[in-house]
Amino acid sequence: MAEHDLSEKRKEYFLDTPQKNDTFFLKGSSGYDWGFRNRLARIFSPKSGRTVMLAIDHGYFQGPTTGLERIDVTIKPLVPFADALMCTRGILRSVINPESGNPVVMRASGGPSILKDLSNEQIAVNMEDALRMNVSAVAVQVFVGGECETQTINNMIRLVDEGMRYGMPVLGVTAVGKDLARDSRYIGLASRMLAELGAAIIKTYFCDDFDKVVAACPVPIIIAGGKKLAEFEALTMARNAIDAGASGVDMGRNIFQSDAPEAMITAVRKVVHENMSAVQAFELYTELKNR
Ligand code: R5P
């Protein structure tokens, strides 16, 4: 109460300085509530506006993926290099230290294994458990054009509705099945649909004319790495995606299956956050690998 404020310092109301309305740094994300934006600002660096997410969720449908057989041994050393970790709740609880402090994007859809129709996914985590684990976003795979297209879209819509209630962003992942094209027409269709239906972040695959895909998508897009490429090729893909307007990468195999995963994630960070060229980043990778 004012009468208990015994400070002798003169009060200062800065009457000539109107309060500024700061705009939020991420594309299309100014309209969300505070907690929602706070979560987004943990995933994306407010300085660069981008993220290097480390994807280690592959086991949810393909079991012990090469490089992820022992996440406690091979992935833990990489965790400090990642802006965010994309994983399942099983791995989060059993292997990842809560002290790591990394924001987590938690895989929240699943069901079928590689032995079945992959598009037949259901929601795999409820919002209460995601909140209990203090994650920064939940991720759901959507199979546009897949056998269970509508079901997977419904999975996402249900998570978006719950997420809006609790301030939890939903990352919509555009699945690419063996029968689905990987061109800008398909990627543009899928990305735009997911954004229209409420995904706050889109994860998709890089393709030709990616700048048009980004332009037509009203929220940030990050790219998956896809199957393992030679390191220079993967760095070039990241560079091209950033140049086309991507807000970062969610890369898995091209990091953890690299001969030198720490060197690779360091090089990817330089491309994403410091605009390093692919050539320079590859030189850095080679130097770090040979140390
Ligand atoms: C795979 O199904 C997961 O969603 C991965 O998180 C995603 O594909 C990114 O990993 P990668 O860079 O290995 O493609």
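Whatever order the structure lists ligands and atoms in, that order sets their numbers, starting from 1. Everything numeric here is computed off the predicted structure, so don't read it as measured data. All residue numbers in this chain count up from 1 along the given sequence.
- Residue D250 has at least one heavy-atom neighbour below 4.0 Å for each of these atoms of ligand 1: 9 (C), 12 (O).
- With ligand atoms numbered from 1 in the order given, ligand 1 contributes 5 (C), 10 (O), 11 (P), 13 (O) to contacts under 4.0 Å with heavy atoms of H58.
- For F256, no heavy-atom contact with ligand 1 is shorter than 4.0 Å.
- Atoms of ligand 1 lying under 4.0 Å from any heavy atom of Y205, numbered from 1 in the order shown and given with element: 8 (O).
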Return a table of donor-acceptor pairs under 3.5 angstrom between the side chains of residues 213-221 and protein atoms on other chains or two or more places apart.
none

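- Judged purely by distance below 3.5 Å, without hydrogens or angles, the side chains of S258 and E231 pair a donor atom with an acceptor atom.
- Residue E147 qualifies as open at atom CD: its count of foreign heavy atoms under 6.0 Å is 12 or below.
- Classification of the F206-F210 ring pair by plane angle, with boundaries at 30° and 60°, yields tilted.
- In the vicinity of A55, heavy-atom distances shorter than 4.0 Å reach the ligand 1 atoms 6 (O), 9 (C), 10 (O).
- Of the options A224, G226, G252, the smallest heavy-atom separation from atom 14 (O) of ligand 1 is shown by G226.
- Checking N275 against R50 by side-chain atom types alone, a donor-acceptor pair falls below 3.5 Å.
- For ligand 1, the atoms lying closer than 4.0 Å to a non-hydrogen atom of R253 are 11 (P), 12 (O), 13 (O), 14 (O).
- Inclusion of K203 in the set of residues having an N or O under 3.5 Å from an N or O of ligand 1 is warranted.
- Nearest protein heavy-atom contact of atom 3 (C) of ligand 1 is D57 OD1, 3.2 Å.
- Atom 1 (C) of ligand 1 has as its closest protein heavy atom F61 CE2, 3.9 Å.
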